[in-house]
Amino acid sequence: MPELPEIEVTRRGIAPLLTGRVISGVAVREPRLRWRVPDAVLGLAGLAIRGVRRRGKYLLLDCSDGHLILHLGMSGSLRVIASETPPQKHDHFDLVVGERTLRLRDPRRFGAVLWTAERVEAHPLLVGLGLEPLSRALNGRRLHALTRAHQSPIKQVLMDGRRIVGVGNIYASESLFRAGIHPRTPARRLSLERCAKLAAAIKDTLRDAIRAGGSSLRNFVNSDGRPGYFQNRTRVYDRAGAPCRRCGTAIRRILQGQRSTFYCPRCQR
DNA sequence: CTCGCCACCTGGGGGC
DNA sequence: TGCCCCCAGGTGGCGA
């Protein structure tokens, strides 16, 4: 389920329950995630959790002696539950904090649980990541600059984590609709003005999605913690053939880099 | 460097 | 019911 808004909603949900607490136990039921869960993770009991940060789609649990790096892949979710709750199928990893447990469920196992004792920003998976879209670093000028070398379609550049992090398949389509830009436009052909519009559209799209997901935060401690776009009406994503909410024209679906893209042929040029 | 494509996995839905 | 095919929100890694 996770793009940046889902990860951020998750972070906000789990942070208050973990920050300042001491890890009392760890369970690894299935170590074969995207990368094998390192044995070091089994020895984390006794460490204090100092904070929970997000970098792109990675969640970083800053501990007293290193950093736990979590990624939810395509199908992962995290929940804080009562520690005695029996695990279900696909519940691969637990971080026990007294009477509460942070539990990772990930049917497809594209997610990751990693540990580093070094500076986490220098971790190989994080070191090459691009701009945080909700930070001031992303603006029209920066977007214009970082698209200059790319002949490829803007949709695919938006999803390239080495340029901008956190914009996945759904929100790439949604952002381009808001900006009125055709997803096949070669990135380098976008004017500064259109880049400014797109940068603003990305921020608006992600912020709205976080706000929509945030309304389910209160459920995070219990069973039904599904945040995100289930309650978020998309404007184009997964709406092929349905009328554009702005002009009524049928939404189209195309393939770009083996992924579905949705757009309005009239509103997006 | 960029680009295009494959791979990793499981499950759900539709057609027959 | 069962089987088979297609699709799915991510992203590292490969060769060109």
Side-chain angles (χ1 to χ4, degrees), chain A residues 1-11 29-37 54-59 69-78 87-93 104-114 123-131 133 145-177 183-189 202 205-206 208-210 212-213 216 225-241 253-262:
Chain A
M1 72 157 94
E3 294 189 30
L4 184 147
E6 289 69 37
I7 306 298
E8 179 61 20
V9 167
T10 297
R11 188 192 69 76
R29 291 180 207 86
E30 173 54 88
R32 296 172 303 163
L33 303 184
R34 171 127 200 215
W35 295 279
R36 190 174 181 85
V37 178
R54 180 188 57 74
R55 174 75 174 103
K57 294 173 189 161
Y58 291 92
L59 281 170
I69 302 171
L70 302 176
H71 196 285
L72 301 183
M74 292 269 269
S75 59
S77 60
L78 283 170
Q88 297 179 36
K89 196 176 181 185
H90 307 305
D91 285 347
H92 305 313
F93 171 76
L104 171 71
R105 176 175 303 174
D106 184 6
R108 290 176 75 178
R109 292 194 277 123
F110 288 175
V113 176
L114 299 169
H123 191 280
L125 291 174
L126 303 181
V127 75
L129 293 181
L131 299 179
L146 69 81
T147 49
R148 291 312 87 187
H150 293 273
Q151 184 59 46
S152 49
I154 183 61
K155 157 81 158 24
Q156 289 171 256
V157 175
L158 283 188
M159 297 209 307
D160 180 352
R162 292 164 302 182
R163 306 287 155 191
I164 302 172
V165 295
V167 182
N169 202 40
I170 292 177
Y171 297 121
S173 283
E174 295 293 303
S175 298
L176 287 165
F177 174 80
R184 284 210 263 242
T185 309
R188 66 188 304 173
R189 306 242 334 263
I202 292 167
T205 300
L206 297 179
D208 283 357
I210 290 170
S216 67
R226 292 180 319 185
Y229 25 59
F230 296 101
Q231 50 196 342
N232 194 13
R233 275 167 39 124
T234 60
R235 303 190 182 188
V236 291
Y237 183 82
D238 203 23
R239 297 193 65 242
R253 172 184 181 268
I254 58 174
L255 278 182
Q256 293 184 284
Q258 332 294 100
R259 313 296 299 277
S260 291
T261 300
F262 300 86

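Throughout, a chain's letter reflects where its sequence line sits, starting with A, and its residues are numbered from 1.
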In whole Å, what is the span from the CG atom of A/L70 to the C1' atom of C/dT11?
17 Å
Would you check, one step at a time, whether the test side chain to side chain contact (heavy atoms under 4.5 Å, CB included) holds for A/D106 with A/L72?
CA-CA 7 Å; A/D106 184 6; A/L72 301 183; over 6 Å; no
Need one value for A/R188: base, sugar-phosphate or nothing, where a base atom within 4.0 Å counts as base even if backbone is also close, heavy atoms only.
nothing
Considering only C/dG12, B/dT2, C/dT11, which nucleotide approaches the side chain of A/L125 most closely?
C/dG12
Would you kindly give the CD-to-P distance between A/Q156 and C/dG12, to the nearest whole Å?
16 Å
Side chains of A/L4 and A/P133 in contact at under 4.5 Å (non-hydrogen atoms)
yes
Selected nucleotide, minimal atom distance to A/S152 side chain, candidates B/dC3, B/dC1, C/dT11
B/dC3
Enter the distance from A/L125:CG to A/W35:CH2 here, rounded to the nearest 0.5 Å.
4.5 Å
Select from A/G166 and A/L255 the residue whose nearest nucleotide in DNA chain C is closer to the 5' end of that strand.
A/L255
Given the rule that a pair is Watson-Crick or G-U wobble with both distances under 3.5 Å, how would you write DNA chain C in dot-bracket, using | for pairs to a different strand?
.|||||||.|||||||
Students often get this wrong, so: under 4.0 angstrom with heavy atoms, is A/R109 touching a base, only sugar-phosphate, or nothing?
sugar-phosphate
Show every donor-acceptor pair shorter than 3.5 Å between a side-chain atom in residues 149-158 of chain A and any protein atom, with sequence neighbours excluded, or say none if there are none.
| residue | atom | partner | partner atom | Å |
| --- | --- | --- | --- | --- |
| A/H150 | NE2 | A/R163 | NE | 3.1 |
| A/K155 | NZ | A/N169 | OD1 | 2.8 |
| A/K155 | NZ | A/T261 | OG1 | 2.9 |

Side chain to side chain, A/V165 and A/K57, heavy atoms closer than 4.5 Å
no
Just the rounded figure in Å: distance from P of B/dT2 to CG of A/L146.
11 Å
Most 5' of A/R32 and A/H150 on DNA chain B, judged by nearest nucleotide
A/H150
From A/L33 atom CG to A/R109 atom CZ, the distance as rounded to the nearest 0.5 Å
7.5 Å
For A/R253, answer base if it contacts any base atom (sugar-phosphate contacts may also be present), sugar-phosphate if it contacts only those atoms, and nothing otherwise; contact means non-hydrogen atoms under 4.0 Å.
sugar-phosphate
With P as the reference atom in both, quote the distance from B/dC9 to C/dC3 in angstrom, rounded to an integer.
24 Å
Identify, between A/L129 and A/R108, the residue whose nearest nucleotide on DNA chain C lies closer to the 5' end.
A/R108
Check this one for me: any side-chain N or O of A/Q258 less than 4.0 Å away from OP1 or OP2 of B/dC6?
yes
Taking for each residue the nucleotide of DNA chain B bearing the nearest heavy atom, is the 5' side occupied by A/R162 or by A/G257?
A/R162
From CH2 of A/W35 over to C1' of C/dG12, roughly how many Å is that when rounded to an integer?
6 Å
Tell me whether the side-chain N/O atoms of A/R259 come closer than 4.0 Å to OP1 or OP2 in C/dA8.
no
Backbone N/O of A/R32 and side chain of A/E30: donor-acceptor pair under 3.5 Å
yes
Interface polar pairs with nucleotides 11-15 of chain B, N/O, under 3.5 angstrom:
| residue | atom | partner | partner atom | Å |
| --- | --- | --- | --- | --- |
| B/dG11 | OP1 | A/K89 | NZ | 3.1 |
| B/dG11 | OP1 | A/H90 | NE2 | 2.6 |

Value in whole Å for how far the P atom of C/dG10 lies from CD1 of A/I7
9 Å
Has A/F110 got its ring stacked on B/dC8, by the test of a centre gap below 5.5 Å and a plane angle below 30°?
yes
CZ (A/R189) with more than 12 external heavy atoms under 6.0 Å:
no
Does the side chain of A/Y58 reach to within under 4.5 Å of the side chain of A/L129, using non-hydrogen atoms?
yes
Answer whether the closest heavy-atom distance between the side chains of A/R184 and A/I254 falls below 4.5 Å.
yes
Length of the line joining A/D160:CG and B/dC1:P, which is rounded to integer Å
13 Å
Looking only at side-chain N and O atoms, does A/Y58 come under 4.0 Å of OP1 or OP2 in C/dG12?
yes
Classify A/G161 by what it touches in the nucleic acid, base, sugar-phosphate, or nothing, heavy-atom distance under 4.0 Å.
nothing
Between CZ of A/F262 and P of C/dA8 the distance, given in whole Å, is 7 Å
Minimum side-chain heavy-atom gap A/L70-A/L104 below 4.5 Å
no
Which nucleotide, B/dC9, C/dG12, C/dG10, lies nearest any side-chain atom of A/H71?
C/dG10
Rounded distance in Å - CZ (A/R163) to P (C/dG12):
14 Å
